[in-house]
Student: 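Okay, handing you the structure first.
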Amino acid sequence: MTSPAVPEPSAELLRLATGVRRAATDLGQTSDEQRQQALEAMAAALHHHGDRIVAANAADLAQAEADGLAHIGGLVGCLSNSTRGVRRHMATRRRHDDIEPYMVEATYRLASGNVENKELGMILPHEILHLIWSKAPNLFMQRFIGPHGEIGLREFWEHCAGEPWLQNHEYKQLVEAKGEKCIPIKLHGDDAPVSKRGCGYVFLNFAPLLVPFQETAHSRCLIAAFSTEMVENDELWQVLAWSLRSAALGVFPCLDHRGDPFPQDSARAKAAGRPIANDYRIILAQMASDWKYLKEVFHMDDRNYNRNEFCFICPGTKSGGVMCAYNYKADAPCLMDATTHEDFVRDRPGLAIVSLPGMHLSFIRLDAVHILFLGIYQWEIAAAFVELLNENVWQEEGDVRGGPWVERASLQLRRAYAAFKAWCKVRHIKHSETAFTLRKLSMSSPGQRPFYKCKAANGMKVMEWLSSVTPK
């Protein structure tokens, strides 16, 4: 039942894997004297080839110096050195000739507990729009306009005509008059760890809404990347609001976000008043992220995923009772007392993010990737694995029929992982997925309910691979 589209491990690879396994077993059964002799042999080999090893390391270091990577994380496991190294490397990267970062001030809380103001570079959405439209028109049509062209843009706005967020949108009249030129976009934010000690970076980007789901990850445009040490970034949201309004009007701004003129003879001063992308504009129509990020940027301290009243739209509860959130009826009591947009804004006085053009409670969404690949699909992937294991899809001739289920399933999973890696290699798909194991399936016996543990990005690739393995 193995699909011909999935490359099988070569005989040479299987031979090497078997040899490594036997060597590991033999090593575990050696005496102290044998281990001492092996260490002495290794030391002799290192001494004999020392000049070649040093020369190779010097070449690697020279290449790392040239790439600006040599000093990132000067001490292994040292969080502060790694963080400073990443920042220094990002700061010295070559900037695109047509886009200059727009600098804003942000407040950071350092590991010492002190607070420090630092500059943060942003890439302005209206300048990204102009760059892609002017330099890569085919890419612009593919990634921004979408597969259905201007007709698709017009139909999107007509379909959304009754939505609460559009009824109150700052640019409602614009999309009614020029819907075929207005590209709906969503903002997306998420953090990613760069250290086991908890330090990470937050990535804020935007993406056109009408791009097919499979291409979403390739259509995101980075706005800013900043350390999770940041505790205040009001100016970031003020600049973003200013840039999005410029992109909606379709004309380069004449003044900066504070209302001051740009420096004379600067690129932004020269572009002032010119069309950004002919008559195309981008209009904010959605804010999507995981719950953790939404909680932080919208200050949802009273209702979030850690509380019994966890929904930011209604007073639904995780526990049972009248307000149980798992009552999916249209007249469920929790829906009768839903939070209004006006209440949501009133409860967050001075919060800069709510000043984004068109920002509305009803278009705040939980990211589909987190819902699907860190929720629904984790159950589906696990169920598919169990069914394929029961069908012995990765069993080979010569395997012992019968025996402990754990051993048989583990052997098949090892082969499945080798097939997955080969499939990714042929298609040039990058991933960080670790070996398939029963532990990853949350199983230790055949009667348990499986659940696949993975990162969302890896889950997407495993799901696609499984679809090629599963019989049609």
Side-chain angles (χ1 to χ4, degrees), residues 2-10 13 16-17 60 63-64 66-70 72-73 76 82 85-86 89-90 93-94 96 123 132 136 139 142-143 188-196 199-208 211-225 288-290 293 367-378 380-382 384-385 394 413-437 439-441 452-470:
T2 303
S3 169
V6 181
E8 292 289 346
S10 66
L13 178 60
L16 289 173
D60 289 343
Q63 184 61 49
D67 293 340
L69 297 171
I72 291 182
V76 176
S82 298
V86 170
H89 176 61
M90 293 176 66
R93 294 292 291 172
R94 179 182 179 274
H96 196 288
I123 305 176
I132 298 177
L139 183 65
Q142 179 186 0
R143 300 297 190 193
H188 181 273
D190 200 1
D191 59 355
V194 296
S195 165
K196 292 183 178 180
C199 178
Y201 273 82
V202 176
F203 297 89
L204 178 65
N205 56 66
F206 77 89
V211 173
F213 179 77
Q214 298 89 334
E215 300 180 10
T216 300
H218 303 291
S219 302
R220 292 177 180 169
C221 301
L222 182 67
I223 297 172
S289 182
D290 65 353
Y293 184 78
D367 184 31
V369 170
H370 288 83
I371 294 174
L372 295 175
F373 292 98
L374 292 180
I376 298 172
Y377 289 169
Q378 286 182 290
E380 292 189 356
I381 290 173
F385 264 119
W394 296 290
L413 286 174
R414 287 195 293 273
R415 290 173 179 160
Y417 183 63
F420 168 72
K421 289 201 299 180
W423 179 86
C424 290
K425 184 176 181 179
V426 168
R427 291 159 179 78
H428 305 289
I429 296 174
K430 295 182 179 180
H431 68 91
S432 60
E433 185 64 318
T434 55
F436 300 153
T437 63
R439 184 175 181 181
K440 183 170 281 190
L441 292 175
Y452 187 75
K453 302 170 184 176
C454 65
K455 295 181 69 66
N458 289 331
M460 294 173 67
K461 292 151 190 170
V462 172
M463 189 79 166
E464 187 178 355
W465 168 72
L466 279 173
S467 69
S468 71
V469 175
T470 307

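Position 1 is the first residue of the sequence; numbering continues from there.
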Student: Output the distance between atom CG (Leu466) and atom CH2 (Trp423), rounded to the nearest 0.5 Å.
Tutor: 9.0 Å

Student: Is any side-chain heavy atom of Leu441 closer than 4.5 Å to a side-chain heavy atom of Leu413?
Tutor: yes

Student: If I take atom CD1 from residue Ile123 and atom CZ from residue Phe206, how far apart are they, to the nearest 0.5 angstrom?
Tutor: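 So the gap between those two atoms works out to 10.0 Å.
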
Student: Evaluate the side-chain proximity of Val469 to Trp394: yes if any heavy-atom separation is below 4.5 Å, no if none is.
Tutor: yes

Student: Would a 4.5 Å heavy-atom cut-off, applied to side chains only, mark His188 and Arg220 as touching?
Tutor: yes

Student: With sequence neighbours excluded, tell me which residues meet salt bridge (charged side-chain N to carboxylate O under 4.0 Å, His left out) with Asp191.
Tutor: Lys292

Student: Taking all non-hydrogen atoms of both residues, which atom of Phe385 and which atom of Ala416 are closest, and how far apart?
Tutor: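 Nearest heavy atoms, Phe385 then Ala416: CE2-CB, 4.5 Å.
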
Student: How are the rings of Phe436 and Tyr417 set relative to one another: parallel (under 30°), tilted (30 to 60°) or perpendicular (over 60°)?
Tutor: perpendicular

Student: To the nearest 0.5 Å, what is the distance between NZ (Lys455) and CE (Met460)?
Tutor: 13.5 Å

Student: How long is the gap from CG on Leu139 to OG on Ser219, to the nearest 0.5 Å?
Tutor: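 Leu139 CG to Ser219 OG: 8.0 Å, rounded to 0.5 Å.
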
Student: Please find the pair of heavy atoms, one from Lys461 and one from Lys430, that lie closest to each other, and give the distance.
Tutor: NZ-O, 2.7 Å

Student: Looking only at non-hydrogen atoms, find the nearest pair between Cys454 and Gly459 and report the distance.
Tutor: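 So the two residues come closest at SG-CA, 3.7 Å.
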
Student: Does the side chain of Tyr377 come within less than 4.5 Å of Val462's, by heavy atoms?
Tutor: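 They are not in contact (no side-chain heavy atoms under 4.5 Å apart), so the answer is no.
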
Student: Is a donor on one side and an acceptor on the other found under 3.5 Å between the side chain of Asp367 and the backbone of Asp290?
Tutor: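 No; zero donor-acceptor contacts below 3.5 Å.
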
Student: Specify whether Phe203 and Tyr201 have parallel, tilted or perpendicular ring planes, treating 30° as the upper limit for parallel and 60° as the lower limit for perpendicular.
Tutor: tilted

Student: Between Glu433 and Lys440, does at least one N-O distance fall below 4.0 Å, as a salt bridge requires?
Tutor: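 A salt bridge links Glu433 with Lys440.
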
Student: Once salt bridge (charged side-chain N to carboxylate O under 4.0 Å, His left out) is applied, do any residues pair with Lys421, and if so which ones, sequence neighbours excluded?
Tutor: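 If we apply the salt bridge (charged side-chain N to carboxylate O under 4.0 Å, His left out) test to Lys421, skipping adjacent residues, there are no hits.
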
Student: What is the minimum heavy-atom distance between Met463 and Glu380, and which atoms define it?
Tutor: CE-OE1, 3.4 Å

Student: Provide the closest heavy-atom pair for Leu222 versus Ala224 in the form atom of the first, atom of the second, distance.
Tutor: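 Taking Leu222 first and Ala224 second, the nearest heavy atoms are CD1-O, 3.5 Å.
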
